[in-house]
Amino acid sequence: MSERLDVIAVGAHPDDVEVACGGTLAALAAAGRRIGIVDLTDGEPTPYSTGTAQRMEEADQAASELGVQRRIQLGLPNRELMDSVEARIKLATIFRRYRPQLVISFGDKTPLASPDHYQAMLICDAAVFYSRLSKWQDRFDDLQPHMIDRHLYFRLALEPITLQGNNFHTVVDITETLETKIRSVFCYHSQFDHKHGIEDRIRAAAVMTGTLAGVKAAECFAAAKPYATEDLWQSLSLPK
C-alpha cells in the first residue's frame with residue numbers, strides 16, 4: 001500500500017500531461033496528494049530531440065517540478081499507438097498496482113495533431129474498466145481488482161476548453177501553480193525551445209479559462225460521468 005497513488009494522469013507522450021493539466025497536478029501535489037503520471041510512449045522520434053534518453057531526462061525533470069511521486073513509461077510505440085487488448089491490460093495493471101481514486105486522461109481527438117492522443121483516450125477508457133474486472137487476475141500480474149472512483153478528461157491547453165457533447169465540466173483554479181506548470185512544460189527543451197510564443201499561448205489559455213470562472217488562471221476538465229457533491233457550499237468555493 002506504500003505505493004498507492006491518489007491520482008494518475010495518463011498521456012500519450014511525455015509533455016502531454018504537463019501542457020494539459022500541469023497546474024492542477026501541481027496544486028494537488030502541494031495539498032499532499034500522491035500523484036503519478038503514465039506516459040504510454042516515449043514520444044520518440046521527434047525532430048529536435050537527441051533520442052529517448054533526452055526525452056526521459058526531460059520528463060523526470062518536469063515531474064520533479066510538479067511534485068509528482070511516480071512517472072511510469074509504458075513503452076508502447078510512438079506514432080503507431082493503437083488501442084488494443086495488450087495496451088489496455090498494460091495500463092490497467094498500473095491502475096491495479098497503484099490503486100488511484102482519480103484518473104485524468106485525454107477526452108477527444110486533437111485535429112491536425114497526433115492521432116496517438118485519441119488512441120490514448122480509448123486505451124485509458126478501457127483500462128479504467130479492466131481495472132475493476134474480477135476473475136481475470138492472471139492477466140494483471142495477479143493483482144486484485146480496483147474500482148476507480150472518478151475519471152476526468154482533459155484537453156491540451158492550446159485547444160478549446162470544453163469537450164463537445166459533454167455537459168459535466170469542472171474548472172480548477174491554478175492561479176498559484178500556473179508558473180509551476182509553465183516551468184514543467186519548458187523542461188522539454190527538445191519540444192518547445194524552437195516553438196516561439198508557446199509560453200504566451202499556454203498562459204493565455206489558462207487566463208481565458210480562469211476569466212470565465214472569475215479567477216486569474218484555470219484548467220478545465222470534463223467528467224466521464226456526472227458526480228455529486230455533499231457540500232454544495234464548498235464545491236462553489238464560497239466563503240466559510
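This one's a predicted model, so the numbers in the text were calculated from it and none came from an experiment.
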Exercise. CG/Asp173 to OG1/Thr209 distance, rounded to the nearest 0.5 angstrom?
Worked result: 11.5 Å

Problem set entry | Aromatic ring proximity Phe95/His146, centre distance under 6.0 Å | no

Exercise. Does NE2 in His194 sit with more than 12 non-hydrogen atoms of other residues, nucleotides or ligands closer than 6.0 Å?
Worked result: yes

Exercise. Do Glu58 and Pro14 have side chains that get closer than 4.5 Å, going by heavy atoms?
Worked result: no

Exercise. Does Arg71 come within less than 4.0 Å of Glu18, counting only side-chain N to carboxylate O?
Worked result: yes

Exercise. Are Val19 and Tyr188 co-members of a hydrophobic cluster defined by side-chain heavy atoms under 4.5 Å apart?
Worked result: yes

Problem set entry | Asp6 side chain to Arg34 backbone, donor-acceptor under 3.5 Å | yes

Which donor-acceptor pairs under 3.5 Å do the side chains of residues 216-228 make with protein atoms, sequence neighbours left out?
| from | atom 1 | to | atom 2 | distance (Å) |
| --- | --- | --- | --- | --- |
| Glu219 | OE1 | Thr24 | N | 2.8 |
| Glu219 | OE1 | Thr24 | OG1 | 2.5 |
| Glu219 | OE2 | Gly22 | N | 3.4 |
| Glu219 | OE2 | Gly23 | N | 3.0 |
| Glu219 | OE2 | Lys181 | NZ | 2.8 |
| Tyr227 | OH | Thr170 | OG1 | 2.5 |

For this session: With rounding to the nearest 0.5 Å, note down the distance linking CZ in Phe129 to CZ in Arg132.
Result: 5.0 Å

Exercise. Does any N or O in the side chain of Thr177 come within less than 3.5 Å of the main-chain N or O of Thr180, such that one atom is a donor and the other an acceptor?
Worked result: no

Exercise. Do His13 and His117 come close enough that some side-chain heavy atom pair is under 4.5 Å?
Worked result: yes

Problem set entry | Val128 with Leu152, same ILVMFWY side-chain cluster at under 4.5 Å | no

Problem set entry | Partner of Glu44 by side chain to side chain contact (heavy atoms under 4.5 Å, CB included), out of Arg79, Met56, Arg55 | Arg55

Problem set entry | Phe186 CZ to Ile202 CD1 distance, which is reported to the nearest 0.5 Å | 6.0 Å

Seminar exercise, completed: Distance col, row Arg150:CZ vs Ile148:CD1, nearest 0.5 angstrom, shows 12.5 Å

Exercise. For the residue pair Ile8 and Leu5, what are the closest heavy atoms and their distance?
Worked result: CG1-CD1, 4.0 Å

For this session: Examine Tyr118 and Ile104 and state if one hydrophobic cluster contains both, with Ile, Leu, Val, Met, Phe, Trp and Tyr joined whenever side-chain heavy atoms are less than 4.5 Å apart.
Result: yes

Seminar exercise, completed: Glu80 and Asp116 have their tightest heavy-atom pair at N-OD1, 4.1 Å

For this session: With rounding to the nearest 0.5 Å, note down the distance linking OG1 in Thr41 to CG in Asp16.
Result: 8.0 Å

Problem set entry | Minimum side-chain heavy-atom gap Leu163-His169 below 4.5 Å | yes

For this session: State, yes or no, whether a side-chain contact exists between Ser84 and Met82 at a heavy-atom distance under 4.5 Å.
Result: no

For this session: Check each of Ile35, Val68, Leu25 against Val17 using the side chain to side chain contact (heavy atoms under 4.5 Å, CB included) test, and report the only one that passes.
Result: Leu25

Exercise. Cluster question for you: counting only ILVMFWY and a side-chain heavy-atom cut-off of under 4.5 Å, with indirect links fine, are Leu156 and Val38 together?
Worked result: no

Problem set entry | Salt bridge Glu179-Arg203, side-chain N to carboxylate O under 4.0 Å | yes

For this session: Kindly indicate, with the supporting measurements, whether the criterion ring-ring contact (aromatic ring centres under 6.0 Å, His included) is fulfilled by Phe106 and Phe154.
Result: CA-CA 5 Å; Phe106 276 103; Phe154 60 60; 4.8 Å; yes

For this session: Please report the shortest heavy-atom distance between Val85 and Tyr130, naming the atom on each side.
Result: CG2-OH, 4.3 Å

Seminar exercise, completed: The residue among Arg139, Gln137, Gln144 that forms side chain to side chain contact (heavy atoms under 4.5 Å, CB included) with Arg96 is Gln137

For this session: Spell out, yes or no, whether Phe140 and Leu76 are grouped together once hydrophobic residues are joined by side-chain heavy atoms under 4.5 Å, including indirect joins.
Result: no

For this session: Quick one: closest heavy-atom pair of Ala120 and Ala12, and the distance?
Result: CB-CB, 3.9 Å

Exercise. Below 4.5 Å, heavy atoms only, C-beta onward: do Leu40 and Ile123 meet side chain to side chain?
Worked result: yes

Problem set entry | Any donor-acceptor N or O pair under 3.5 Å, side chains Thr52, Gln54 | no

Problem set entry | Spacing of CD1 belonging to Ile94 relative to CG belonging to Leu74, to within rounding of 0.5 Å | 6.0 Å

Problem set entry | Ser49 to Thr46 - nearest heavy-atom pair and separation | CB-OG1, 3.3 Å

For this session: Report the C-alpha separation of Val185 and Phe192 in whole Å, then their side-chain angles, then the decisive distance to 0.1 Å, and conclude whether the side-chain contact (heavy atoms from CB on, under 4.5 Å) test is met.
Result: CA-CA 8 Å; Val185 170; Phe192 297 112; 3.7 Å; yes

Exercise. Counting only N and O atoms by type, is there a donor-acceptor contact under 3.5 Å from the side chain of Ser131 to the main-chain atoms of Ala127?
Worked result: no

For this session: Looking only at non-hydrogen atoms, find the nearest pair between Ser235 and Thr229 and report the distance.
Result: OG-OG1, 2.7 Å

Problem set entry | Min side-chain heavy-atom separation Leu91-Cys124 under 4.5 Å | yes

Exercise. Counting distance only, does the side-chain N/O of Glu3 pair as donor-acceptor with the main-chain N or O of Tyr98 below 3.5 Å?
Worked result: no

Exercise. With distance as the sole criterion, is a donor-acceptor pair present between the side chains of Thr110 and Glu159 under 3.5 Å?
Worked result: no

